[in-house]
Amino acid sequence: MGDPNARVMFIGEAPGADEDRRGEPFVGAAGRRLTQWIERLGMKREQVYIANVLKCRPPGNRDPAAEEIEKCSPFLRAQVRAIRPEVIVALGRYAGMLLIGTDQDLKLAQMRNRRFTYDDAGAGLQIPLHVTYHPSYVIRREGSSRRVSETRPTTR
């Protein structure tokens with residue numbers, strides 16, 4: 001979803017419940033957070049293209065399975081070929097590993113703050129790729145931090 005001439009493409013892992021229901025990526029709380037990030041970059045959501053590795057929600061909202069990623073990746077690769085962005089931002093570990101093109105089980109910390117290249121030799125594409133946290137992960141972490149601080153006794 002987004003601008004077919006977008007310079008920046010954001011790729012998440014899989015739709016959440018809201019996204020699956022509406023058939024659009026990043027429309028719930030994670031979508032609102034992603035929109036904030038896009039605006040901090042000085043852009044509007046309408047100027048970017050947003051996709052997911054998986055095109056439907058995994059049962060129980062679990063992490064994507066390797067066979068699901070393998071079956072859905074041709075669709076994602078076709079989206080990247082069609083959009084031809086100047087930069088790709090992978091949101092989350094699974095999107096990062098797929099787009100980097102590694103079979104290694106990398107941690108997000110091993111991928112963040114590094115520059116990679118998305119390589120699609122068949123389409124003649126070499127696109128700078130950055131991997132960062134998925135917005136829903138950030139929201140969960142903020143929520144757990146708040147709960148911890150709210151339950152801590154205060155000293156006077």
Side-chain angles (χ1 to χ4, degrees), residues 1-3 6-20 24-41 43 45 47-148:
M1 160 173 207
D3 183 352
R7 294 175 55 215
V8 180
M9 185 171 187
F10 290 88
I11 301 175
E13 298 177 347
D18 294 330
E19 291 83 1
D20 208 34
E24 298 175 19
F26 290 90
V27 295
R32 288 188 294 278
R33 179 56 57 95
L34 179 58
T35 299
Q36 290 173 347
W37 292 353
I38 293 167
E39 289 171 353
R40 285 185 190 150
L41 294 172
M43 302 172 76
R45 187 177 169 114
Q47 294 176 293
V48 303
Y49 195 88
I50 304 170
N52 277 312
V53 171
L54 298 190
K55 305 308 179 189
C56 56
R57 185 175 187 228
N61 205 31
R62 64 168 163 67
D63 288 337
E67 56 273 4
E68 292 168 329
I69 293 170
E70 183 182 329
K71 291 213 187 285
C72 289
S73 65
F75 298 105
L76 177 63
R77 292 187 193 289
Q79 285 178 296
V80 174
R81 281 186 206 119
I83 302 304
R84 295 177 117 42
E86 293 175 20
V87 175
I88 296 173
V89 179
L91 302 168
R93 183 172 161 252
Y94 292 95
M97 287 189 305
L98 172 69
L99 296 167
I100 289 168
T102 183
D103 290 335
Q104 294 178 21
D105 190 16
L106 299 175
K107 303 279 186 228
L108 192 60
Q110 295 170 288
M111 294 182 279
R112 283 190 72 240
N113 298 319
R114 292 183 55 198
R115 182 176 172 199
F116 295 96
T117 300
Y118 172 81
D119 191 8
D120 183 341
L125 294 176
Q126 287 195 316
I127 302 169
L129 167 67
H130 300 273
V131 183
T132 193
Y133 294 111
H134 192 285
S136 62
Y137 171 81
V138 173
I139 292 167
R140 283 193 307 273
R141 294 288 297 175
E142 289 172 347
S144 67
S145 296
R146 250 191 308 275
R147 284 192 294 276
V148 169

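Just so it is clear, the structure is predicted and the values come from calculations on it, not from any experiment.
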Exercise. Does R141 reach the side chain of Y133, with side-chain heavy atoms less than 4.5 Å apart?
Worked result: no
Exercise. Above 12 or not: heavy atoms from other molecules or residues under 6.0 Å from CZ of R7?
Worked result: no
Exercise. Looking at CD of Q36 and CZ of R45, how far apart are the two atoms once the value is rounded to the nearest 0.5 Å?
Worked result: 11.5 Å
Exercise. If you take all heavy atoms of A95 and I11, which pair is closest and at what distance?
Worked result: CB-O, 3.5 Å
Exercise. Under 4.5 Å between any side-chain heavy atoms of P85 and Y49, yes or no?
Worked result: no
For this session: Write down the atom of H130, the atom of R114, and the distance for their closest heavy-atom approach.
Result: ND1-O, 4.0 Å
Exercise. Is any side-chain heavy atom of V53 closer than 4.5 Å to a side-chain heavy atom of S73?
Worked result: no
Problem set entry | Exceeds 12 heavy-atom contacts within 6.0 angstrom, atom CD of E70 | no
Problem set entry | Atom of I139, atom of A29 and distance for their closest heavy-atom approach | CD1-O, 3.5 Å
Seminar exercise, completed: d(D63 CG, I69 CD1) to nearest 0.5 Å is 8.5 Å
For this session: Write down the atom of A14, the atom of P58, and the distance for their closest heavy-atom approach.
Result: CB-CD, 3.7 Å
Problem set entry | Atom of A51, atom of M9 and distance for their closest heavy-atom approach | CB-CE, 4.1 Å
Exercise. F26 pairs by side chain to side chain contact (heavy atoms under 4.5 Å, CB included) with which of I38, L91, D18?
Worked result: L91
For this session: Report the C-alpha separation of R33 and Y137 in whole Å, then their side-chain angles, then the decisive distance to 0.1 Å, and conclude whether the side chain to side chain donor-acceptor pair (under 3.5 Å) test is met.
Result: CA-CA 11 Å; R33 179 56 57 95; Y137 171 81; over 6 Å; no
Problem set entry | From K55 atom NZ to K71 atom NZ, the distance as rounded to the nearest 0.5 Å | 16.0 Å
Exercise. Atom CD in E19, atom CE in M1: separation rounded to 0.5 Å?
Worked result: 11.0 Å
Exercise. Given side chains that start at C-beta, do those of T102 and F116 come closer than 4.5 Å, heavy atoms only?
Worked result: no
Exercise. Rounded to the nearest 0.5 Å, how far does NZ of K107 lie from CZ of R112?
Worked result: 15.5 Å
For this session: Take L76 and L98 through the test side-chain contact (heavy atoms from CB on, under 4.5 Å) and record every step on the way to the result.
Result: CA-CA 10 Å; L76 177 63; L98 172 69; 3.9 Å; yes
Seminar exercise, completed: Nearest heavy-atom contact between V80 and I88 is CG1-CD1, 4.0 Å
Problem set entry | Pair R77 + D120, salt bridge at N-O below 4.0 Å | no
Seminar exercise, completed: Value for CG (D119) from OG1 (T117), rounded to nearest 0.5 Å, stands at 7.5 Å
